[in-house]
Enquirer: 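Quick one: the structure is below, and I'll ask about it shortly.
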Amino acid sequence: QNSNTAAIRLERLPEWLFAYLRQHVFPQDTDGPWDVIHYGWQPRQRWDLSIDFLNEIIRLCQWVFEQHDLFGKRQVLQQPMHLCQAIEQLLKFDNFIATTVLGGNTHAKRVLSLMDIYVAGDDELLEWWIDRE
């Protein structure tokens, strides 16, 4: 029972983390930390600070996932369906950052991508993912 509950929690970790960030860092209905960083500076400084802030958010996500070995070899072998769901969450969050947060701005190319870090950056995982899609 305990290991099953832990697996479910681990499976939902990306979804919950990204929902938390959307609600508290990038809220749509009120000003949040992103608004202060992005709109609180002169245009010349705005994009550099905004990109640095977004990259730190991505690094924070990366740290959380690494603490739980979410994209490690063990997950591929033990929980392939959970791993597929986690990768789909990465795609959705990368898209959220590029389209909703940055509005498709050309500066989006300077923001780290979780998909690039975890899937495209790991030949075995990329091959595994492509085989399932």
Enquirer: Would you mind reporting whether Met115 and Phe93 have side-chain heavy atoms less than 4.5 Å apart?
Expert: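 No, too far: nothing below the 4.5 Å cut-off.
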
Enquirer: Closer than 4.0 angstrom, basic N to acidic O: yes or no for Asp48 and Arg110?
Expert: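 Arg110 and Asp48: salt-bridged.
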
Enquirer: What I'd like to find out is whether the side chain of Phe96 reaches to under 4.5 Å of the side chain of Phe18, using heavy atoms alone.
Expert: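 Phe96 does not reach Phe18 side chain to side chain.
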
Enquirer: Ignoring hydrogens and geometry, is there a side-chain-to-backbone donor-acceptor pair from Asp35 to Gly32 under 3.5 Å?
Expert: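 Here the side-chain-to-backbone pair exists.
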
Enquirer: Could you check whether any side-chain heavy atom of Leu90 comes within less than 4.5 Å of a side-chain heavy atom of Pro14, counting everything from C-beta outward?
Expert: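 Leu90 vs Pro14: side chains apart.
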
Enquirer: With side chains defined as the heavy atoms from C-beta onward, is the minimum distance between Ile57 and Ile97 less than 4.5 Å?
Expert: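 Not touching, per the 4.5 Å side-chain cut-off.
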
Enquirer: Same cluster or not: Leu126 versus Leu91, using hydrophobic residues (I, L, V, M, F, W, Y) connected whenever any side-chain heavy atoms lie under 4.5 Å apart?
Expert: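 Looking at the clustering, Leu91 is in the same group as Leu126.
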
Enquirer: Quick check: do Phe26 and Leu54 have side-chain heavy atoms less than 4.5 Å from each other?
Expert: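 The answer is yes, as the side chains (C-beta and beyond) meet within the 4.5 Å cut-off.
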
Enquirer: Does CD in Glu127 sit with more than 12 non-hydrogen atoms of other residues, nucleotides or ligands closer than 6.0 Å?
Expert: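 Atom CD in Glu127 is not packed in, count stays at 12 or less.
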
Enquirer: Below 4.5 Å, heavy atoms only, C-beta onward: do Ile58 and Leu114 meet side chain to side chain?
Expert: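 Yes; the side chains approach each other to less than 4.5 Å.
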
Enquirer: Taking the side chain as everything from C-beta on, heavy atoms only, tell me whether Leu83 gets closer than 4.5 Å to Leu125.
Expert: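 The answer is yes; the side chains approach within 4.5 Å.
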
Enquirer: With a 4.5 Å heavy-atom cut-off, do Trp128 and Val119 have their side chains touching?
Expert: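 The answer is no, as the side chains (C-beta and beyond) never meet within the 4.5 Å cut-off.
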
